[in-house]
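The structure under discussion appears below in the form of structure tokens.
Per chain, numbering begins at 1; letters A, B, ... match sequence-line order.
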Amino acid sequence: MIWDYFYLALKGVLHRKLRSWLTILGVLIGVAAVVSLISVGQGMQTSIEKEVNKIGADKITVVAGSGKFGPIAGSITTAKLTDKDLKVILETKGVEKGAGVLFRTSKIKYGKKIKHINVMGSPTDESRSYIEELPFFQIESGRQFSEKDKNSNVAILGYKIAKEKFGKEIKVGDKIYINDEEFKIIGVQKKAGTGTHDLVVRIPLEKARTMFGTEEFTIIFAKVQKGLKPGDVADKIKKRLRKLRNVEKGKEDFSVETAEDMVKRLTIVLNVVQVVFTSIAAISLLVGCIGIMNTMYVSILERKREIGVMKAIGAKNYDVWLVFLIESAMLGLVGGIIGIAFGFALAKLAEFIIVVEFDVELFRIEAGFSFILIALLISALIGGQASKMNPVECLRE
Amino acid sequence: MKKIPIIRLVDVWKVYKMGDVEVEALRGINLEIYPGEFIAIQGTSGAGKSTTMHIIGCLDVPTKGKVYLDGEDISKLNENELAKIRGKKIGFVFQQFNLVPTLTAIENVALPMVFQKVPNDERLERAKILLEKVGLSKRKKHKPSELSGGELQRVAIARALANDPKLILADEPTGNLDSKTGKKILEIFTKLNEEGKTVVIVTHDKNIASYAKKIIHLKDGKIIRR
Ligand SMILES: Nc1ncnc2c1ncn2[C@@H]1O[C@H](COP(=O)(O)OP(=O)(O)OP(=O)(O)O)[C@@H](O)[C@H]1O
Ligand SMILES: [Mg+2]
């Protein structure tokens, strides 16, 4: 029997084909926006948490500059970190070990292909143990750097560089050109799951310093001894660096950040992004809902007579309610389901375009499903509106 | 033995409030309609004919007064109970035909049976018979937009007969038709009455009213002559 109501509703939807499709389109865009933006936003959150978790809570990062711009501050400030700073940091009480690294984007050639890739000067002295402990720099094949590599033209490749970047796999023993200098591959890293570490070429620090003509470090990392608070140790490092660099408190030309600080900073940025995303999503969803309401109210007004007649020939309020509910819900459901599919595809596309893994998991479509609930609610209200109309007044129209 | 009227109106008033102004559409109507009657309610525009018909058809309730259907007071029934009565006992025919534009002729005729939960096969079978009865068996699958005025009104009459009601109410059923087509429609009502249906036709036209066996004259919300 319910099928009779579906039939009546479907006839109503099909009778106003263009209007129905436009309404569905509105809903579709809204739902797709919600699903994709919320998925992307949450994906970013997860990926940041993941990355920070991998670095570890006991890690401290030091970069040149005021630190307001994060790690890139080093490239837009004249202040530099050098071996002196590293020495002071390593000698700070509470620091177990540490390492300074140098980053520069360089021209890499393999076969006939040329790519611009981040090259990392990686320590070969005892500092290297810090790097080798990190989960991102584990070796899949070949070996890490040793003391003997200090001035050799040898390189270790990030996972994606070795496997994907140049179209064919680069293996240990192969040769690549960095800024036109030949380097022999001695190792390939395991997959780290983060862009920074999978898309990197590591060479000995000393080699990098010669090649790039600088003595500076882009970042100095330090590991805090077990049982100590990273925040306290960071404060000590700050104090000592201020003294070394002869700057006043509050006017530091360097920044010391714990993993916790980093999460906080990134979370603030991310929250802004999330708010913007959520607002856009909410607005498009609202517009979609208003679209349904608009279409259905116009439809009810146009069909006052039809409602009057239905009642005159024996339709109860419930019957009228059901027909209009189903009709409205059809618009919402069709738009909602296609929208969820589209949103999912969009989020996957975003994941594909941007290297960060977004973790688009199916449960993120709960946003889409809650819309469908909203649509059903709206439909119920619209059906109620239609069913409450006075038949005599409807027939007088 | 005294017959029980299908419908009995006792001092029925209908007052519409429009802001401060009160419009008295009906002012104390007393009326009985007995089974098998063919009645015309005649009056000028605004006399209260449609209002009377809506109350007879349980589509509207009076502001004051009593309405008895088969001897039972319906003034205390709720909307859904009234809808049930309408569906079973009353068939409406309107001046503007009022067919559902999205449905075919046969689906329109079957629609009242949908609301009475008649199974689909049975519905279509009966709708087919009814369309044959009004001479439209060749137009079953046509949409209202593909039918002429006379044909539309015949579909509407077939629809009014769907649940085999005792009482057929028609508000200006020929108002949108030319006189020749109108005459054919009135002949159908006459035939239905001969077959035992009680028929009430609302009209402003005395020629049309003359088809009925009894004429009730309405003026300014009152019955002036029977
Ligand atoms: N909803 C309403 N609000 C206010 N006044 C109304 C309403 N419905 C009807 N009336 C008034 O009640 C009176 C009777 O109306 P009704 O429709 O019954 O007349 P009628 O005899 O059917 O006229 P017509 O031949 O034009 O259809 C009219 O004066 C009309 O203006
Ligand atoms: Mg009227």
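- B:P101 has its side chain out of reach of A:R303: every pair of non-hydrogen atoms, C-beta onward, lies at least 4.5 Å apart.
- Taking a 6.0 Å sphere around OH of B:Y68, one finds it holds more than 12 heavy atoms contributed by other residues, nucleotides or ligands.
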Verify side-chain contact (heavy atoms from CB on, under 4.5 Å) between B:F94 and A:R305, making sure each step is shown before the conclusion.
-> CA-CA 11 Å; B:F94 302 94; A:R305 267 180 174 283; 5.8 Å; no

Exercise for the section: Apply the test side-chain contact (heavy atoms from CB on, under 4.5 Å) to residues B:F97 and A:V309: give CA-CA distance (whole Å), side-chain angles for both, the deciding distance (0.1 Å), then the verdict. Expected result: CA-CA 10 Å; B:F97 322 125; A:V309 170; over 6 Å; no

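- The shortest non-hydrogen separation linking B:A83 to A:A315 is CB-O, 3.6 Å.
- Within the 4.5 angstrom heavy-atom criterion, no atom of B:I85 approaches chain A.
- Neither the backbone nor the side chain of B:P165 comes within less than 4.5 Å of any heavy atom of chain A.
- To the nearest 0.5 angstrom, B:N80 atom CG is 6.5 Å from A:K316 atom NZ.
- For chain A, the nearby part of B:Y16 is the side chain; its heavy atoms alone come within less than 4.5 Å.
- When side chains are defined from C-beta on, B:T102 does not count as touching A:L14, because their heavy atoms never get closer than 4.5 Å.
- Residue-environment remark: NZ (A:K11) exceeds the threshold of 12 foreign heavy atoms within 6.0 Å.
- Within the 4.5 angstrom heavy-atom criterion, only side-chain atoms of A:L8, from C-beta onward, approach chain B.
- Residues A:I313 and B:R86 are not in side-chain contact: their nearest non-hydrogen atoms beyond the backbone lie 4.5 Å or more apart.
- B:V61 does not touch chain A: none of its heavy atoms, backbone or side chain, sits under 4.5 Å away.
- Smallest separation of non-hydrogen atoms from B:L59 and A:A312: CD1-CA, 3.6 Å.
- Interatomic distance, OH of A:Y5 versus CZ of B:F115, reported as 6.5 Å (0.5 Å rounding).
- For chain A, the option among B:N120, B:V100, B:I90 with the highest count of heavy-atom pairs below 4.5 Å is B:V100.
- Ranking B:Q116, B:E107, B:K88, B:K84 against chain A, the residue ahead of the rest is B:E107, based on heavy-atom pairs under 4.5 Å.
- Scored by the side-chain contact (heavy atoms from CB on, under 4.5 Å) test, A:A329 finds A:L376, A:S379 as partners (sequence neighbours excluded).
- Salt bridge annotation for A:D4-B:K117: absent, with no cationic side-chain nitrogen under 4.0 angstrom from a carboxylate oxygen.
- Within 6.0 Å of CH2 on B:W13 lie more than 12 heavy atoms contributed by other residues, nucleotides or ligands.
- Residue A:R396 touches chain B through its side chain alone, counting heavy-atom pairs closer than 4.5 Å.
- A:L395 contributes atom CG, which lies 5.5 Å from atom NE2 of B:H54 (distance to the nearest 0.5 angstrom).
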